[in-house]
Amino acid sequence: MFVTSSNIYEPFLPVGEYIINSLDINSTAVTQALEKKSIENIESELPIIPTENRTMLFDEIPSIPKDNTTIQRQHSEISDNSTGNASQTFRSAYDTFVSSDPLGFGVYDKKISNSFRPGEDLILYIEPTGFEYGTVSDEGNKTLYTIEFSADFAISDIEGNVLTEQLGLPVSEIITHHQNKEVFIPFTITQTTPFPPGNYFINYTIHDINSGKSFDIVKEIVISDQTQLA
């Protein structure tokens with residue numbers, strides 16, 4: 001194994017390859033010893049690389065980056081990829097109650113508590129991720145993308161008894177020239193009849209029309225007669 005800085009690595013790489021190709025190791029014991037030594041060197045020279053709980057074979061050892069910057073970047077990419085599949089799952093990347101209608105993606109006034117007055121609107125700001133795109137064509141036969149959701153909600157008491165619910169609420173369809181990632185859903189529940197003071201659970205279900213997938217968000221709220229800060 002040849003580890004050095006990039007300015008030395010490049011000129012001497014052909015020499016190293018020639019030396020390696022000229023070797024003919026037939027001894028199993030020697031091969032095992034080389035494998036063990038190589039793995040030990042990697043563990044001491046490189047950042048920890050996640051692996052399965054098994055012995056790494058010699059030809060499975062990751063190639064050595066040319067400098068420490070590349071080493072750090074490779075380690076970061078491995079960490080990011082470990083959650084890559086999760087990032088593609090249709091889910092809420094972020095959600096919070098807000099004090100007023102959000103003005104855009106990331107533009108909202110976060111509510112400091114989950115306490116509401118009787119009759120106060122319950123506004124939940126949601127950032128969905130992992131949704132899929134539909135396609136339509138414009139008048140010039142150019143492909144456009146659609147993003148479309150629907151929603152359900154159910155409000156229950158602390159014993160789990162459902163007090164009210166609504167299903168299949170439409171969320172405005174977005175038609176765009178690009179596969180937008182920064183999408184938000186403002187979900188407002190209006191207390192047309194003020195809730196009695198007490199503790200409640202709200203189960204929100206968001207459906208992605210294009211993929212047929214759904215996710216749930218469960219929030220606990222408090223309805224109180226006392227004046228509450230936003």
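As the structure is a computational prediction, the values presented were derived from the model and not from experiment. All values below were derived from every heavy atom in this structure, side-chain atoms included, with hydrogens, water molecules and symmetry-related copies excluded.
In terms of the side-chain hydrogen bond (donor to acceptor under 3.5 Å, both in side chains) criterion, residue partners of Glu127 (sequence neighbours excluded) are, by chain and number, Tyr125.
A cation-pi arrangement is absent between Lys219 and Tyr200 under the rule of less than 6.0 angstrom and at most 45 degrees off the ring axis.
Counting non-hydrogen atoms of neighbouring residues, nucleotides and ligands closer than 6.0 angstrom, the CD atom of Gln179 exceeds 12 such neighbours.
A donor-acceptor contact closer than 3.5 angstrom is absent between the side chains of His207 and Ser150. Looking only at atom types and distance, the side chain of Thr205 has a donor-acceptor partner in the side chain of Asp216 under 3.5 Å away.
Side-chain rings of Phe131 and Phe90 stay apart, their centers remaining 6.0 Å or farther from each other. The six-membered or imidazole ring of Phe97 lies near that of Phe116, with a centre-to-centre distance under 6.0 Å.
When the side chains of ILVMFWY residues are joined at heavy-atom separations under 4.5 Å, either directly or via intervening members, Phe105 and Ile147 end up in two distinct hydrophobic clusters. There is a path of hydrophobic side-chain contacts, each under 4.5 Å, that joins Ile174 to Ile126.
Once rounded to the nearest 0.5 Å, the distance linking OG1 of Thr188 with CZ of Phe153 reads 10.5 Å. Taken from CD1 in Ile217 to CG in Asp95, the straight-line distance is 4.0 Å, to the nearest 0.5 Å.
Counting only heavy atoms from C-beta outward, the side chains of Asp208 and Ile206 never approach each other to under 4.5 Å.
The backbone N or O of Gly119 sits less than 3.5 Å from a side-chain atom of Gln191, completing a donor-acceptor pair.
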